[in-house]
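Since the structure is predicted, the reported quantities are computational estimates derived from the model, not experimental observations. Hydrogens, waters and symmetry mates play no part in the numbers below; they use all other heavy atoms, side chains included.
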Amino acid sequence: MKKQADRRNPGKKSHKKLWIILGIVLVIVVVLVIMAVRGIQNMATELTEAIDNTVVAQKGEIDITAEGIGVLETAEEHTIFTDYNVTIRKIYKQDGQQASGGEAIAEYESLLLDDTISAMEEELKQLDMSLAGMTRTASKKVKAPVTGRVKEIYVAEGDSVLALQQEQPGLALISADGTLKVEFSPEGDVTEGQKVWISYDEDSVEGRIHILEDGKAAAVFEDSEKYELGREVTVGTEDGDILGTGTISCGHGVYVTAEDGVIQSIQIKQNAWVSAGNTLFRLEDVFCSQEYLKALERREELQEKLEKAEEYKKGFVVTAPEDCIISGLTAKEGETLPAGSPLCRLLDTKSYQAVLAIDELDIRGIEKGQPVEVTVDAVEDVVYPGTVTGVSLAGENTGNVGTYQVRVLLEEEEGLLPGMSANGKVTKEQKKDVLLVPVDTLQTIDGKKSVTVVKPDGTRETREVTLGLVNNEYAEILEGVQEGEKLQVIVKLTDLYSQMGITMSNMEE
């Protein structure tokens with residue numbers, strides 16, 4: 001019966017043999033792979049031991065940089081506008097050409113200026129009549145502008161009025177409404193008009209609460225000669241509860257100012273009562289009144305406009321004030337331009353800036369004044385030093401990558417032209433004479449950075465280290481390693497495989 005069954009299923013036995021053979025082959029392959037991997041690992045270990053993978057911790061310079069690409073622009077430029085309706089007579093320079101200082105760019109005329117010129121001539125006559133009737137020299141007395149108590153005097157005899165008023169808002173301060181105030185943040189609820197007591201030295205004075213914005217209040221009280229501005233006082237309730245502290249200031253203060261001169265004498269004392277018109281200071285070296293000076297300035301301005309209008313009428317030539325490149329000049333000869341039209345831009349060729357796009361990951365830490373190294377594709381083997389002059393906080397996002405604009409003023413301009421491609425490396429932070437180790441000596445153990453120190457006897461010790469600045473090549477060591485100590489370089493297995501000519505694709509195969 002069995003023979004008959006075998007005859008009926010002749011392939012069953014052969015299939016069973018095939019599966020057995022495949023199983024044996026698979027086992028052999030697995031064993032060979034394990035042996036190969038172990039062999040490679042052994043070779044890697046032997047290679048690691050054979051190579052002297054140690055470095056010496058030593059002092060040097062480290063910096064953190066950010067790189068960007070961009071374009072060159074002239075650092076300074078200005079636009080020439082037409083002052084009146086003009087017709088272009090002649091174009092001397094074309095768009096994109098270079099012009100030397102004083103060289104003609106264009107010439108135009110305006111034939112409809114008769115009424116304008118007549119009006120300016122008439123205004124000049126009126127100004128001359130006004131100047132003839134003005135008092136040229138300013139008063140040598142500084143008078144009180146309001147009635148009140150002089151709470152502060154900022155000047156001394158011999159002080160320059162103009163110099164002092166650049167630092168102080170005035171020569172003196174008058175309390176004009178007879179009140180003082182103490183602004184403070186109340187420690188509790190207060191109401192408008194609430195009676196309070198202001199403690200001053202060993203005395204106290206009654207005041208009233210005035211509610212201010214942002215949760216603040218002011219205790220307003222009557223002024224007297226014994227109260228000094230800037231003194232810190234305490235504000236409290238009738239029951240003796242403290243509401244807060246603050247400093248005394250004027251309720252409504254008016255500053256005393258002057259136009260020019262030097263303080264010859266001071267006619268009042270601090271906390272003295274004065275009436276409007278009283279002399280507070282006497283001056284010397286007062287040359288000219290501000291009213292007279294303003295009239296003179298207006299006359300000079302008007303005279304300049306009149307001369308320019310007369311030039312426009314005859315034929316006005318636009319010249320380059322200095323060496324520059326003409327940009328945006330599109331007007332044609334015979335064309336009429338309305339007043340205020342831009343004729344062209346003048347690009348200064350004596351100073352350039354690089355406008356760089358910096359990646360969003362690198363923009364933090366870039367500030368004005370940081371040094372930059374700029375290279376230009378069109379000028380080989382030249383590095384242009386520069387300085388960051390501006391950082392835009394309004395980024396642009398393209399392809400889910402944010403970039404920010406950084407402007408760099410270059411110190412040299414030889415060989416440069418507007419529009420050239422530029423590459424910049426900004427030094428965000430730099431340290432000199434600090435202890436450095438290569439970053440491939442660092443390892444992370446239990447979340448902390450450490451290194452392996454190779455001692456003179458060949459033994460190894462793992463130490464935790466404290467890092468300072470770290471870039472792609474080096475790390476600053478603050479603690480944990482001494483100068484001159486040998487450190488083990490941490491070699492990745494992939495690096496060893498590469499040294500042995502083995503690639504990851506080989507491993508996968």
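With Asp95 contributing its side chain and Gly328 its backbone, the two residues share a donor-acceptor pair below 3.5 Å. In this structure a side-chain-to-backbone donor-acceptor pair under 3.5 Å is present from Lys428 to Arg364. With hydrogens and angles ignored, the 3.5 Å screen pairs a side-chain donor or acceptor of Glu476 with a backbone N or O of Leu469. In this structure, Arg345 contributes its side chain and Thr79 its backbone to no donor-acceptor pair below 3.5 Å. Glu284 places no side-chain N or O within 3.5 Å of a backbone atom of Val262 that could act as its donor or acceptor partner. No donor-acceptor pair under 3.5 Å is formed between the side chain of Ser249 and the backbone N or O of Leu229. Side-chain atoms of Ser175 come within 3.5 Å of backbone atoms of Thr179 as a donor-acceptor pair (strictly under, hydrogens ignored). Thr87 places no side-chain N or O within 3.5 Å of a backbone atom of Thr336 that could act as its donor or acceptor partner. Side chain of Asp223 to main chain of Leu180: no donor-acceptor pair is present (N/O by atom type, distance under 3.5 Å, no hydrogens or angles). Although no hydrogens or angles enter the test, the distance criterion places no donor-acceptor pair under 3.5 Å between the side chain of Gln97 and the main chain of Ile326.
Side-chain contact between Leu283 and Val142 is present, with at least one heavy-atom pair separated by less than 4.5 Å. When side chains are defined from C-beta on, Asp362 does not count as touching Glu67, because their heavy atoms never get closer than 4.5 Å. Under the 4.5 Å side-chain criterion, counting only non-hydrogen atoms from C-beta, Ser341 is not in contact with Val86. Residues Ile248 and Glu228 have side chains not in contact (no heavy-atom distance under 4.5 Å, counting atoms from C-beta outward). Residues Asn271 and Lys151 have side chains in contact (heavy-atom distance under 4.5 Å, counting atoms from C-beta outward). Residues Val372 and Tyr384 are not in side-chain contact: their nearest non-hydrogen atoms beyond the backbone lie 4.5 Å or more apart. Counting only heavy atoms from C-beta outward, the side chains of Val376 and Val382 never approach each other to under 4.5 Å. The shortest distance between side-chain heavy atoms of Val391 and Lys368 does not fall below 4.5 Å.
For Glu479, the CD atom sits in a loose shell: 12 or fewer heavy atoms of surrounding residues, nucleotides or ligands are nearer than 6.0 Å. Within 6.0 Å of the NE2 atom in His252, the count of heavy atoms belonging to other residues, nucleotides or ligands does not exceed 12. Residue Ile69 places its CD1 atom among 12 or fewer non-hydrogen atoms of other residues, nucleotides or ligands, all under 6.0 Å distant. Heavy atoms of other residues, nucleotides or ligands lying less than 6.0 angstrom from CG of Asn397 number more than 12. For Tyr474, the OH atom sits in a loose shell: 12 or fewer heavy atoms of surrounding residues, nucleotides or ligands are nearer than 6.0 Å.
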Side-chain donor-acceptor contacts of residues 317-324 below 3.5 Å, not counting sequence neighbours, with atom names and distances?
{"from": "Asp323", "atom 1": "OD1", "to": "Gly101", "atom 2": "N", "distance (Å)": "2.9"}

Run the side-chain donor-acceptor check on residues 109-119: report pairs under 3.5 Å with partners two or more places apart or on a different chain.
{"from": "Glu109", "atom 1": "OE1", "to": "Arg89", "atom 2": "NE", "distance (Å)": "3.0"}
{"from": "Glu109", "atom 1": "OE1", "to": "Arg89", "atom 2": "NH2", "distance (Å)": "2.7"}
{"from": "Ser110", "atom 1": "OG", "to": "Asn85", "atom 2": "O", "distance (Å)": "2.6"}
{"from": "Asp114", "atom 1": "OD1", "to": "Lys313", "atom 2": "NZ", "distance (Å)": "2.6"}
{"from": "Ser118", "atom 1": "OG", "to": "Asp114", "atom 2": "O", "distance (Å)": "3.0"}

Mind listing the side-chain donor-acceptor pairs of residues 403-423 below 3.5 Å, one per line with the distance, residues two or more places apart or on another chain?
{"from": "Arg407", "atom 1": "NH1", "to": "Glu73", "atom 2": "OE1", "distance (Å)": "3.3"}
{"from": "Asn423", "atom 1": "ND2", "to": "Asp377", "atom 2": "OD1", "distance (Å)": "3.0"}

- Message: side-chain contact (heavy atoms from CB on, under 4.5 Å) for Leu164 and Leu171? Distances and angles first, verdict last.
- Response: CA-CA 8 Å; Leu164 184 129; Leu171 308 180; 3.8 Å; yes

- Item | CA sep, side-chain torsions, deciding dist, call: Lys125, Met129, side-chain contact (heavy atoms from CB on, under 4.5 Å) | CA-CA 6 Å; Lys125 290 180 182 178; Met129 292 174 62; 5.5 Å; no

- Task: Please lay out, stage by stage, how Thr427 and Lys425 fare under the test side-chain contact (heavy atoms from CB on, under 4.5 Å).
- Result: CA-CA 7 Å; Thr427 300; Lys425 183 164 69 173; 5.6 Å; no

- Message: What verdict does the side-chain contact (heavy atoms from CB on, under 4.5 Å) test give for Lys431 and Glu61, after you've listed the backbone C-alpha separation in whole Å, the side-chain angles of each residue and the deciding distance to 0.1 Å?
- Response: CA-CA 6 Å; Lys431 287 186 179 181; Glu61 179 181 310; over 6 Å; no

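For the pair Val439 and Val470, the tightest heavy-atom approach, listed with the atom from each and the gap, is CG1-CG1, 4.1 Å. Taking all atoms of both residues into account, the shortest heavy-atom contact from Asp348 to Thr74 is O-CG2, 3.1 Å. The nearest pair of heavy atoms linking Gly365 to Gln370 is O-NE2, 2.7 Å. The two residues Ala106 and Leu343 come nearest to each other via the heavy atoms CB-CD2, 4.1 Å. Leu127 and Ala295 make their closest contact through CD2-O, 4.2 Å (heavy atoms, listed as atom of the first residue, atom of the second, distance). Closest of all the heavy-atom pairs between Gly215 and Pro186 is O-CD, 3.3 Å.
Looking at Lys226 and Asp201, no side-chain N of the basic residue comes within less than 4.0 Å of a carboxylate O on the acidic one, giving no salt bridge. Arg298 has a carboxylate O that lies under 4.0 Å from a charged side-chain N of Glu301, or vice versa, which qualifies the two as a salt bridge.
Between Lys269 atom NZ and Glu225 atom CD the span is 11.5 Å, to the nearest 0.5 Å. Note that the OG1 atom of Thr147 and the CG atom of Asp177 stand 12.5 Å from one another [nearest 0.5 Å]. For the atom pair Glu107 CD and Lys90 NZ, the distance stands at 9.0 Å (nearest 0.5 Å). Note that CD of Glu123 and CZ of Arg299 are 11.0 Å apart. Values are rounded to the nearest 0.5 Å. One distance of note links CG of Leu302 with CG of Leu124; it measures 4.0 Å at 0.5 Å rounding. Here the CD atom belonging to Glu307 is positioned 10.0 Å from the CE atom belonging to Met120, to the nearest 0.5 angstrom.
When only modelled atom types and interatomic distance are considered, Thr237 and Asp239 share no side-chain donor-acceptor pair under 3.5 Å. Side chain to side chain, Asn278 and Lys143 fail the donor-acceptor criterion of an N or O pair below 3.5 Å. Side-chain N/O atoms of Gln267 and Ser265 include a donor and acceptor closer than 3.5 Å.
The aromatic rings of Tyr108 and Tyr312 are tilted relative to each other, their planes meeting at an angle between 30° and 60°.
Residues Tyr227 and Phe221 place their aromatic rings such that the two centres sit under 6.0 Å apart.
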